[in-house]
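The structure appears below as structure tokens.
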Amino acid sequence: MAAVVLSSIIFLIIIIFGLMESIFNIIPIDLKLGIGAAIGFFLAFIGLKGAGIIVSDPSTFVTLGSMTYAPALLALIGILITLIFYIQKVPGAVFFGLIITTILGLIFTVFGYGTGDPLIPSVPAELVSFSFDTSGWRIHVWIWRAVL
């Protein structure tokens, strides 16, 4: 938490004194474009791996997954729909591609090609916890009453 506060203060100082533009001007345009492309490739790799289009392989690190696997097939259909919108120069092509792919995913799930229930999505237990530690609450209540 201290690192976040410290970096926020440093970032605020950089903005207040106008150093942000100077820092951006120091970085060459080729490096800026290269960083953007690398981030894009990294996100694409994570998405393809999550969809099952590429899978782990001990000899080549990654290999092509099964295209009959429902999430991989849905991802390919979604990419194709988004590309069609993009080629047709539809404003918001990526957004509309996501919406249509989501609707297709719900349809896949209703017909048994997905996993889970389309009406009640499951939330991983690691994300939601209902166990609260209330052991220190009495001290906070005492301090709050003392302040008031």
Query raised in the report: Any link between Leu43 and Phe41 through a network of hydrophobic side chains (Ile, Leu, Val, Met, Phe, Trp, Tyr) touching at under 4.5 Å?
Result: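 No, no single cluster joins them.
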Query raised in the report: Same cluster or not: are Phe24 and Leu33 linked, directly or through other Ile, Leu, Val, Met, Phe, Trp or Tyr residues, by side-chain heavy atoms under 4.5 angstrom apart?
Result: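 Per the 4.5 Å side-chain linkage, Phe24 and Leu33 are not co-clustered.
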Only distances under 3.5 Å count here; give the side-chain donor-acceptor pairs of residues 93-101 to other protein atoms, sequence neighbours excluded, each with its distance to 0.1 Å.
{"residue": "Thr101", "atom": "OG1", "partner": "Gly97", "partner atom": "O", "Å": "2.6"}

Output side-chain donor-acceptor pairs under 3.5 Å for residues 11-21, partner residues at least two apart or in another chain, one line each.
none

Show the atom names and distances, to 0.1 Å, of all donor-acceptor pairs under 3.5 Å that link a side chain in residues 49-56 to residues at least two apart or in another chain.
{"residue": "Lys49", "atom": "NZ", "partner": "Ser56", "partner atom": "OG", "Å": "2.9"}

Query raised in the report: Which residues pass the side chain to side chain donor-acceptor pair (under 3.5 Å) test with Thr60, sequence neighbours left out?
Result: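 Expected list: Asp57.
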Query raised in the report: So which pairs with a foot in residues 36-45 pass side chain to side chain donor-acceptor pair (under 3.5 Å), sequence neighbours left out?
Result: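 Those involving residues 36-45 do not exist here.
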Report task. In sequence, state the C-alpha distance, the side-chain angles, and the governing distance for Ile46 and Phe42, and then conclude on side chain to side chain contact (heavy atoms under 4.5 Å, CB included). Result -> CA-CA 6 Å; Ile46 291 172; Phe42 180 66; 3.3 Å; yes
Report task. Hey, could you give me the CG/CD1 distance between Leu6 and Ile10, rounded to the nearest 0.5 Å? Result ->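 It is 4.0 Å, given to the nearest 0.5 Å.
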Can you give each donor-acceptor pair under 3.5 Å made by side-chain atoms of residues 61-84, sequence neighbours left out, with the distance rounded to 0.1 Å?
{"residue": "Ser66", "atom": "OG", "partner": "Thr68", "partner atom": "N", "Å": "3.4"}
{"residue": "Ser66", "atom": "OG", "partner": "Thr68", "partner atom": "OG1", "Å": "2.9"}
{"residue": "Thr82", "atom": "OG1", "partner": "Gly78", "partner atom": "O", "Å": "2.8"}

